[in-house]
Amino acid sequence: MEGRSVSLTSKATIALRVARYRPETDDKPHFADYDVPLRKDWTVLDGLNHVKNELDPSLAFRWSCRMGICGSCGMNVNGAPKLMCETFLTDHAPGPVQVEPLNNFPVIRDLVVDITSFVQRLPQVKPWIIREEEKPVDEGEYLQTPEELEVFQQYSMCINCMLCYSACPVVGLDPHFIGPAAVALAERYDLDSRDEGTAERISLLSDHDGAFGCTFVGECTRVCPKGVDPAGAIQRYKLKAAQSSVLSMILPRGAR
Amino acid sequence: MSEGPQPASHDVLLIGGGLAGLRAAVAIAEANPALDVAVVSKVYPMRSHSVSAEGGAAGAIAEDDSLDEHAHDTVSGGDWLGDQDAIEAFIAEAPRELLQLEHWGCPWSRQPDGRIAVRPFGGMKNKRTWFAADKTGFHMLHALFQTTLKYEELVRYDEWFVTRLLVDDGRVQGVVAVELMSGEVQAIHAKAVVLATGGCGKVFPFTTNANINTGDGMSLAYRAGAPLKDMEMVQYHPTGLPFTGILITEAARAEGGYLVNKDGYRYLQDYDLGTPSPTPVLRSMELGPRDRLSQAFVHEVEKGRTADSPYGPVVHLDLRHLGAKVIEAKLPMVRELCLRYERIDPVTELVPVRPVVHYMMGGVHTDIHGATPLAGLYAAGETACVSINGANRLGSNSLPECLVFGARAGRAAAEYVASVGPSSAGIAAQVRDERRRVEALIGSDGTERVSALRDEMQATMEEAAGIYRTGPGMSKGADALGELQERMSGVRVGDSSRTFNTELVAALELANMLDIAQTMLHTGLQREESRGAHQRLDFPVRDDDRFLTHLLAYRDADGSARTEQLPVTITRWPPGERKYGR
């Protein structure tokens with residue numbers, strides 16, 4: 001934040017070094033430099049929009065809510081994964097500010113990455129309430145105390161921005177690893193007092209492609225803009241899976 | 001020109017993957033699991049703007065609450081322009097829909113004993129707003145989206161932008177859409193289409209709405225011959241952050257926040273909204289309806305009692321007396337947004353706010369089942385106008401509206417497709433035409449920049465369709481929009497790639513918004529009265545004799561709008577005075 005106290009004249013600018021890639025014409029990505037106004041209130045997203053609106057309409061990037069909740073605008077700024085809408089230009093003054101697509105995903109175009117594999121694999125962790133017997137809606141809510149809510153609340157904050165996938169070295173090396181956000185989501189439902197699906201999820205997540213793919217580097221938790229702590233979720237999952245496999249040897253019908 | 005691959009075909013297509021669209025999808029799957037259903041969205045469903053809703057979702061469940069009181073609040077909040085049969089149905093079904101979301105995992109905030117907690121909200125006589133802290137829309141959307149993943153048969157077209165409805169033989173038979181990743185322009189056939197594309201705040205320069213809120217569904221329906229209803233009714237939310245327009249939820253006032261002018265005075269007491277009390281009083285002062293609060297701001301500006309900011313006049317939201325504990329527990333996102341975007345901590349500092357375009361009461365005209373007059377076309381959520389919101393929506397009614405009418409539209413569409421035959425031959429030519437139109441835009445070398453035209457449209461609308469309007473102002477705006485429409489034919493799409501061409505999308509969205517903006521001013525001019533969010537300086541009072549009626553805008557062949565009237569349905573609450581704080 002200290003960088004934001006710099007005094008700014010209306011003519012101050014900052015250089016954006018933006019990764020460009022067009023699959024029809026480019027063998028590999030290259031950088032293009034753009035000077036954009038350096039204003040106190042401007043985020044990198046405002047800078048990119050200035051490029052698109054005033055300098056080069058062909059620049060492609062995703063964005064939507066500009067308030068850190070839709071998860072669209074994850075990119076790398078000077079090598080670190082961030083949400084563009086909450087990364088201020090002044091925090092990176094005097095620049096240049098290097099903007100690149102997230103790591104560990106195929107690049108579709110410029111700053112747009114292909115997250116199809118994540119979205120397609122999401123159902124594998126069964127991220128919905130599983131119950132042996134569903135209570136009819138007309139009988140009212142499942143009671144859940146504030147304390148029970150607190151237990152899983154943190155893991156329910158994930159916005160699927162993919163920053164943790166960009167930061168995770170295992171995701172980069174092992175395409176089968178389902179990744180931090182997916183495990184955190186499984187944990188979100190496991191910890192929900194209304195859910196009874198832990199046993200189903202454990203069988204999916206306790207192999208190498210699931211939680212055990214993680215080597216516990218912890219980068220996912222460090223870059224998470226919502227404080228979700230996927231690394232913590234993965235650790236919990238490993239423990240749970242280990243306990244479950246021990247219990248399944250003792251209890252023939254498996255552990256719950 | 002190639003005909004492209006054999007078109008995909010489904011029974012029902014949902015356009016939009018937010019709360020309304022996904023709720024419709026589940027409703028169809030439950031009504032008739034044999035139906036082939038697909039969701040088409042220009043963004044991944046969890047990016048939909050439902051995700052930004054903060055404060056809560058109304059459903060009368062408290063012991064001291066009643067359906068009738070919720071209905072009366074909604075009727076009077078909407079200045080009697082809402083249809084009371086629709087409002088009664090909505091209010092009766094809202095609690096069940098919110099409970100259903102609870103069963104699907106939505107982490108609603110709770111009372112100590114584990115039951116659902118409810119909070120007060122603006123214009124509501126009782127506490128009936130369910131909430132998940134102040135990220136209610138986020139949690140509802142993610143819980144619903146994740147629940148839809150259970151339905152393996154549900155097809156999704158993520159990041160496909162719909163450009164046209166296919167209409168032949170008097171009924172909707174599918175869409176044409178651009179697959180953003182490949183740039184392919186393709187037909188998707190369907191027996192019924194449900195529009196659930198959200199609002200159109202981006203018609204204005206200063207809005208809480210996301211970049212994607214460009215009214216695509218409204219424009220698709222309008223061009224296909226379906227009418228838009230009450231488009232002049234644009235809600236200004238009283239508390240947006242200057243510059244960004246980020247919403248500071250009404251829940252901040254419901255939890256006890258004050259609105260003060262530059263002198264620290266709770267100015268709402270001067271505008272027939274009640275007298276100040278240290279703690280919140282329902283339907284009074286800061287818990288008055290949004291239209292009246294935004295109007296009061298304008299008068300404070302005129303009196304010179306607002307503070308200055310680099311982005312124009314502001315008043316202040318004072319949360320300091322609530323203390324850190326309440327703010328962290330009930331309003332964590334408010335604090336997060338203020339800290340991040342304004343460098344202000346509401347625990348110790350005043351938050352600068354000003355009115356900001358937030359919501360469209362108007363939209364695609366539907367009946368109580370979500371059906372439009374065009375066979376096979378349905379709409380739900382902010383895209384639609386049933387109408388339950390009348391001339392001013394109450395905070396926390398929009399989220400349950402998405403659920404109630406999403407489900408209704410889904411069920412109605414499921415029933416309709418059972419009796420409909422295959423697509424007719426006539427649509428093939430439409431697909432060819434549309435493919436030609438869209439492909440011609442890619443890399444088009446006109447002289448008019450998309451961003452420049454969009455800026456001019458937004459400035460025009462802010463000037464013409466603000467909190468207070470005049471006939472001459474709207475006429476001038478309509479002329480300016482006409483010129484922009486003409487210049488649009490020379491638009492330059494400065495991106496010749498087919499791959500993820502966001503400039504192409506921006507040009508198509510701009511064309512959509514120009515259509516919609518025109519209808520707002522058109523019906524705005526016709527409505528020669530002041531009602532709810534539509535305040536005219538030249539017609540300052542409500543005129544029930546002439547205007548207790550909806551205004552339907554149809555698109556004529558030459559592109560101009562034509563208006564028809566449709567009487568408001570009154571069941572149990574004859575038009576009366578709106579009373580707040582007294």
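We name chains A, B, ... by the order of the sequence lines, and we start the count at 1 in each one.
Between chain A and the residues B/V450, B/I212, B/I246, the most heavy-atom pairs under 4.5 angstrom are made by B/I246. Among B/W104, B/F500, B/F145, the residue with the largest count of heavy-atom pairs under 4.5 Å with chain A is B/F500. Of the listed residues A/N49, A/D192, A/I129, the one with more heavy-atom pairs under 4.5 angstrom with chain B than any other is A/I129. Heavy-atom pairs under 4.5 Å with chain B peak, among A/L59, A/V137, A/T43, at A/V137. Heavy-atom pairs under 4.5 Å with chain A peak, among B/G114, B/S451, B/G137, B/G443, at B/G114. Between chain A and the residues B/K150, B/Q100, B/R115, the most heavy-atom pairs under 4.5 angstrom are made by B/K150. Of the listed residues (B/M46, B/R96, B/E336), the one with the most heavy-atom contacts under 4.5 Å to chain A is B/R96. When the candidates B/A133, B/P95, B/C106 are compared by the number of heavy-atom contacts under 4.5 Å with chain A, B/C106 comes out ahead. Most heavy-atom pairs under 4.5 Å with chain B, from the set A/G140, A/A60, A/S193: that is A/G140.
Neither the backbone nor the side chain of A/K126 comes within contact range of chain B; no heavy atom of the residue lies under 4.5 Å from a heavy atom of that chain. For B/E342, no part lies under 4.5 angstrom from a heavy atom of chain A. Residue A/P127 touches chain B through both its backbone and its side chain, counting heavy-atom pairs closer than 4.5 Å. With a 4.5 Å cut-off on non-hydrogen atoms, A/D110 does not touch chain B at all. Only the side chain of B/R156 comes within less than 4.5 Å of a heavy atom of chain A; its backbone N, CA, C and O stay farther away. Contacts between B/S182 and chain A at a heavy-atom distance below 4.5 Å are absent for every atom of the residue. Heavy atoms closer than 4.5 Å to chain B are found in the backbone of A/C158, but not in its side chain. For B/Y311, the part sitting under 4.5 Å from any heavy atom of chain A is the side chain, from C-beta outward, and nothing else. Only the side chain of A/L149 comes within contact range of chain B, judged by heavy atoms closer than 4.5 Å. In this structure, the portions of A/T116 lying under 4.5 Å from any heavy atom of chain B include both its backbone and its side chain. In this structure, chain B has a heavy atom under 4.5 Å from the side chain of A/D46, while its backbone stays farther away. Within the 4.5 angstrom heavy-atom criterion, only backbone atoms of A/F61 (N, CA, C, O) approach chain B. Proximity to chain A (any heavy atom under 4.5 Å) is shown, for B/H49, by neither the backbone nor the side chain. Residue A/R188 touches chain B through its side chain alone, counting heavy-atom pairs closer than 4.5 Å. For B/P112, the part sitting under 4.5 Å from any heavy atom of chain A is the backbone (N, CA, C, O) and nothing else. For A/I159, the parts sitting under 4.5 Å from any heavy atom of chain B are the backbone and the side chain alike. Contacts between A/E148 and chain B at a heavy-atom distance below 4.5 Å are absent for every atom of the residue. Both the backbone and the side chain of A/R66 have a heavy atom closer than 4.5 Å to some heavy atom of chain B. Neither the backbone nor the side chain of B/N213 comes within less than 4.5 Å of any heavy atom of chain A. Residue A/N53 touches chain B through both its backbone and its side chain, counting heavy-atom pairs closer than 4.5 Å. If you measure heavy-atom distances from A/E24 to chain B, the contacts under 4.5 Å come from the side chain alone.
Between B/R449 and B/E503 there is no salt bridge, since no side-chain nitrogen of the basic residue lies less than 4.0 Å from a carboxylate oxygen of the acidic one. In this structure, A/D195 does not pair ionically with A/R131, as no charged nitrogen and carboxylate oxygen lie closer than 4.0 Å. Residues A/R236 and A/D190 are not paired through a salt bridge, judged by the lack of any N-O separation under 4.0 Å between the basic side chain and the carboxylate. Taking the charged nitrogens against the carboxylate oxygens, B/R23 and B/E97 do have a contact shorter than 4.0 Å, which makes a salt bridge. With salt bridges taken as basic N to acidic carboxylate O contacts below 4.0 Å, none links B/R492 and B/E448. A/K135 has no carboxylate O lying under 4.0 Å from a charged side-chain N of A/E141, or vice versa, which leaves the two without a salt bridge. Classification of B/D216 and B/K42 as a salt-bridged pair holds, one side-chain N sitting under 4.0 Å from a carboxylate O. A salt bridge is absent between A/R201 and A/E187; no separation between the charged side-chain nitrogens and carboxylate oxygens falls under 4.0 Å. The residues B/R335 and B/E328 are annotated as salt-bridged, a charged nitrogen and a carboxylate oxygen being separated by less than 4.0 angstrom.
Between B/Y157 and B/W160, the two ring planes are perpendicular [angle over 60°; tilted spans 30° to 60°]. Between B/H358 and B/H237, the two ring planes are perpendicular [angle over 60°; tilted spans 30° to 60°].
At least one donor-acceptor pair closer than 3.5 Å links the side chain of B/R119 to the backbone N or O of B/G55.
Taking the ring centre of A/Y142 as origin, the terminal cationic atom of A/R194 falls outside the region bounded by 6.0 Å and 45° from the ring axis. Both the sub-6.0 Å distance and the 45° axial angle are satisfied by B/R343 relative to the ring of A/F88.
Smallest separation of non-hydrogen atoms from A/P23 and A/R109: CD-CD, 4.3 Å.
Ring pair B/W108/B/H139: centre-to-centre distance not below 6.0 Å.
In this structure, B/M140 and B/T136 have side chains that are in contact, with non-hydrogen atoms separated by less than 4.5 Å.
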